[in-house]
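First comes the structure, then the notes that go with it.
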Amino acid sequence: MVNDEIARLLREIAIYLEMDDVPFRPRAYEKASEGVLGSDEDMKEVYARGGLKALEQVPAVGVSIAEKIEEFLKTGRIAYHDELKKKVPVELGEFAGIEGIGPKTLKTLYQKLKVRNLADLEKAAQQGKIKKLPGFGPKSEENILQGIAFVRRSGGRFVLGQVMPEIELIRERLGVLAGVESVTVAGSVRRRKDTVGDADLLVIAKKPKPVMDYFVAMPEVVQVHAHGETKSSVKLKNGMDVDVRIVPKESYGAALNYFTGSKDHNVALRELAIKKGWKLNEYGLFAGTKRIAGKTEDEVYRKLGLRYIEPELREMTGELEAARKNALPDLIPYGSLRGDLQVQTDWTDGDASIEEMAQTAIKAGLDYIVITDHTKRLAMTHGLDAKRIKQQWAEIDRVNAALKKKGKKFTILKGTECDILKDGTMDLPDEILAQCDVVGGSVHSLFNLPEKEQTARIMRAMSNPHVDIIFHPTGRVLNKREAYAVNMPELIRHAKKTGTVLEIDAYPDRADLKAEHIRLCVEAGVKMSIDSDAHAPAHIQFLDYGVAQARRGWAGKKDIINAWPLEKMLKMLK
DNA sequence: GCCGTTTTCGGCCCGACTGTTTTCAGTCG
């Protein structure tokens with residue numbers, strides 16, 4: 001995808017323009033950058049399909065920026081960007097994560113101290129040159145050094161499922177403080193993004209000061225960015241920032257809406273308010289000085305002529321229009337899955353026995369699970385061959401019978417996470433696959449095949465009449481491994497044609513399919529499954545992270561086959 | 001530079017906190 005690179009250049013142009021205090025245009029470039037980034041079609045293809053006119057259809061891209069994208073596609077450069085960079089030749093990317101350093105500061109640091117990159121900045125700070133500049137002082141210099149140290153230590157984004165327990169702990173602690181009426185998690189955590197940059201907590205309390213004093217003094221706090229009456233911000237040991245805002249009760253809805261974001265969604269709501277002659281901020285919706293809504297989010301949306309929009313949808317991908325037309329999707333509810341279609345056991349690389357996994361699933365309220373151990377190609381997990389999988393079937397029969405005897409209404413199904421080999425054929429013979437209740441196919445090798453080959457490989461697996469589900473359709477591991485190169489729209493078309501299900505993997509750092517892919521599936525009528533990919537009993541609780549991902553992709557119960565009763569689910573499979 | 005349920009021209013989101021200042025610019029979300 002060239003989109004990332006184009007988006008980066010456009011964003012950098014915005015920063016350069018901001019350095020010069022150019023009005024409005026920075027925001028235009030920023031929005032265009034987001035428009036390009038949010039597009040699931042490669043700009044190269046958009047251009048090939050319809051030239052400049054097609055580029056102008058990308059959100060926030062107009063005539064001028066379309067020409068710049070065209071220029072990039074033809075020459076690999078944007079002259080305007082080069083020209084701006086010549087004036088202030090700074091490695092903008094290096095400074096991106098440094099708290100408190102914005103365009104104006106960068107420009108000053110370059111002009112006064114010739115700071116071009118992080119190393120220059122660190123040197124200048126260590127030599128005490130920064131605090132002598134007008135407008136700067138010892139504190140700014142110290143903050144810069146701390147910021148550099150932090151960026152060196154961490155990548156900046158966190159996997160939701162990995163930081164959720166800590167966020168929840170802080171929420172509970174604040175909740176029991178004297179005078180605190182409620183604590184709500186807002187921000188990208190509430191929108192259930194698969195990775196989050198920070199956590200935002202919204203508190204209703206009679207006396208803000210003690211809450212803030214407690215918050216900034218928590219044992220895991222390593223740095224206090226801000227400590228005010230209504231807003232405080234800290235960094236935790238794990239590197240994540242947490243913000244707390246305290247608001248009066250009558251503003252709770254407006255504040256929750258504001259702090260939940262996304263930023264673009266909020267801006268659009270405010271613009272809508274302005275059009276109606278009102279003003280929207282975190283304290284409410286105002287006609288002049290009179291508050292006309294704000295106690296609940298629902299009230300704010302209704303007053304603006306919209307239906308209530310679930311947090312997972314607030315990404316400016318058409319939710320406002322849908323809310324106006326009362327055409328929002330009926331999202332799959334949390335806790336509504338009936339089964340789990342990808343579970344590994346100690347027959348391969350899981351920690352627990354078939355029976356233990358079944359017992360945990362029963363406690364979690366599920367009606368069925370599919371045992372999907374790896375196959376022989378994945379030798380390091382002692383993957384199953386035809387002989388061992390038959391032995392496993394006998395064990396599954398035994399456990400099912402035992403459960404039935406105890407009066408449990410629960411079914412363990414026979415399945416496999418079968419490797420898709422390089423040429424798209426399967427790692428187990430068709431004769432075995434035919435006897436499985438559920439067959440999942442996975443790519444576990446040759447992640448770096450060229451896109452054409454990788455796509456063809458997976459499509460061939462889909463064409464196999466026994467392959468029901470493609471597990472890990474993108475293969476990404478958040479913060480660790482990029483998705484492999486596949487043409488997702490083409491895979492989705494082929495899934496429709498062959499009746500193959502695509503998996504939403506609920507394991508927190510997997511999160512295969514991305515939200516935009518899920519949306520494409522919903523639109524195409526391709527069914528999906530939400531699987532925990534559990535390798536231990538505790539992992540079954542991850543299922544709701546997959547539900548979150550599904551909701552972010554506008555999916556309902558009708559789109560997710562394991563939200564259905566067992567019989568209906570089985571009937572859907574090949 | 002983009003965009004249109006008021007607009008093809010004239011608008012463009014808003015407030016808290018910090019660090020430097022004696023009233024505010026810059027940054028952030």
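Labels below follow one simple rule: chain letters A, B, ... track the order of the sequence lines, proteins then strands, and each chain is numbered from 1. The model shown is predicted, which means the values in this text are computed figures rather than measured ones.
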Does [X] pair with [Y] as a salt bridge, N-O distance under 4.0 Å?
{"X": "A/E18", "Y": "A/K104", "answer": "no"}
{"X": "A/K303", "Y": "A/E299", "answer": "no"}
{"X": "A/E319", "Y": "A/R191", "answer": "no"}
{"X": "A/K107", "Y": "A/D20", "answer": "yes"}

Using atom [atom1] of each nucleotide, how far apart are [N] and [M] to the nearest Å?
{"N": "B/dC2", "M": "B/dT7", "atom1": "C1'", "answer": "13 Å"}
{"N": "B/dA16", "M": "B/dT6", "atom1": "C1'", "answer": "33 Å"}
{"N": "B/dT21", "M": "B/dT27", "atom1": "P", "answer": "16 Å"}
{"N": "B/dA25", "M": "B/dT20", "atom1": "C1'", "answer": "9 Å"}
{"N": "B/dG19", "M": "B/dT23", "atom1": "C1'", "answer": "13 Å"}
{"N": "B/dG10", "M": "B/dG15", "atom1": "P", "answer": "27 Å"}
{"N": "B/dG1", "M": "B/dT8", "atom1": "C1'", "answer": "14 Å"}

At 4.0 Å (heavy atoms only), tell me whether [X] reaches a base, stays on the sugar-phosphate, or touches nothing.
{"X": "A/K68", "answer": "sugar-phosphate"}
{"X": "A/K279", "answer": "sugar-phosphate"}
{"X": "A/P134", "answer": "nothing"}
{"X": "A/R245", "answer": "sugar-phosphate"}
{"X": "A/K139", "answer": "sugar-phosphate"}
{"X": "A/N266", "answer": "nothing"}
{"X": "A/I274", "answer": "sugar-phosphate"}
{"X": "A/I98", "answer": "sugar-phosphate"}
{"X": "A/S233", "answer": "nothing"}
{"X": "A/Y29", "answer": "sugar-phosphate"}

- Query: Which comes earlier along DNA chain B counting from the 5' end, the contact point of A/K104 or that of A/E56, where each point is its nearest nucleotide?
  - Reply: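 This one resolves to A/E56.
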
- Item | Partner of A/D194 under salt bridge (Lys or Arg N to Asp or Glu O under 4.0 Å), chosen from A/R157, A/R476, A/K514 |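 It is A/R476; the other options fail the test.
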
- Can you name the residues that form a side-chain contact (heavy atoms from CB on, under 4.5 Å) with A/Q126, not counting sequence neighbours?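 If we apply the side-chain contact (heavy atoms from CB on, under 4.5 Å) test to A/Q126, skipping adjacent residues, the hits are A/E122, A/L145.
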
- Message: Can you see whether A/Y16 has A/K87 sitting over its ring - NZ or CZ less than 6.0 Å from the centre and within 45° of the normal?
- Response: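 Negative - A/K87 is either too far from the ring of A/Y16 or too far off its axis.
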
- Does any nucleotide pair with B/dT8 by Watson-Crick or G-U wobble geometry, both distances under 3.5 Å, and what is it?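 Looking at the geometry, B/dT8 pairs with no nucleotide.
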
- Item | Where chain A begins and ends its contact with DNA chain B, read 5' to 3' at 4.0 Å from heavy atoms |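 It runs B/dG1 to B/dG29.
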
- Message: Using the rule given for salt bridge (charged side-chain N to carboxylate O under 4.0 Å, His left out), can you reason through A/K249 versus A/E181, listing the C-alpha separation, both sets of side-chain angles and the distance that settles it, and then say yes or no?
- Response: CA-CA 9 Å; A/K249 198 173 180 179; A/E181 196 167 309; 2.8 Å; yes

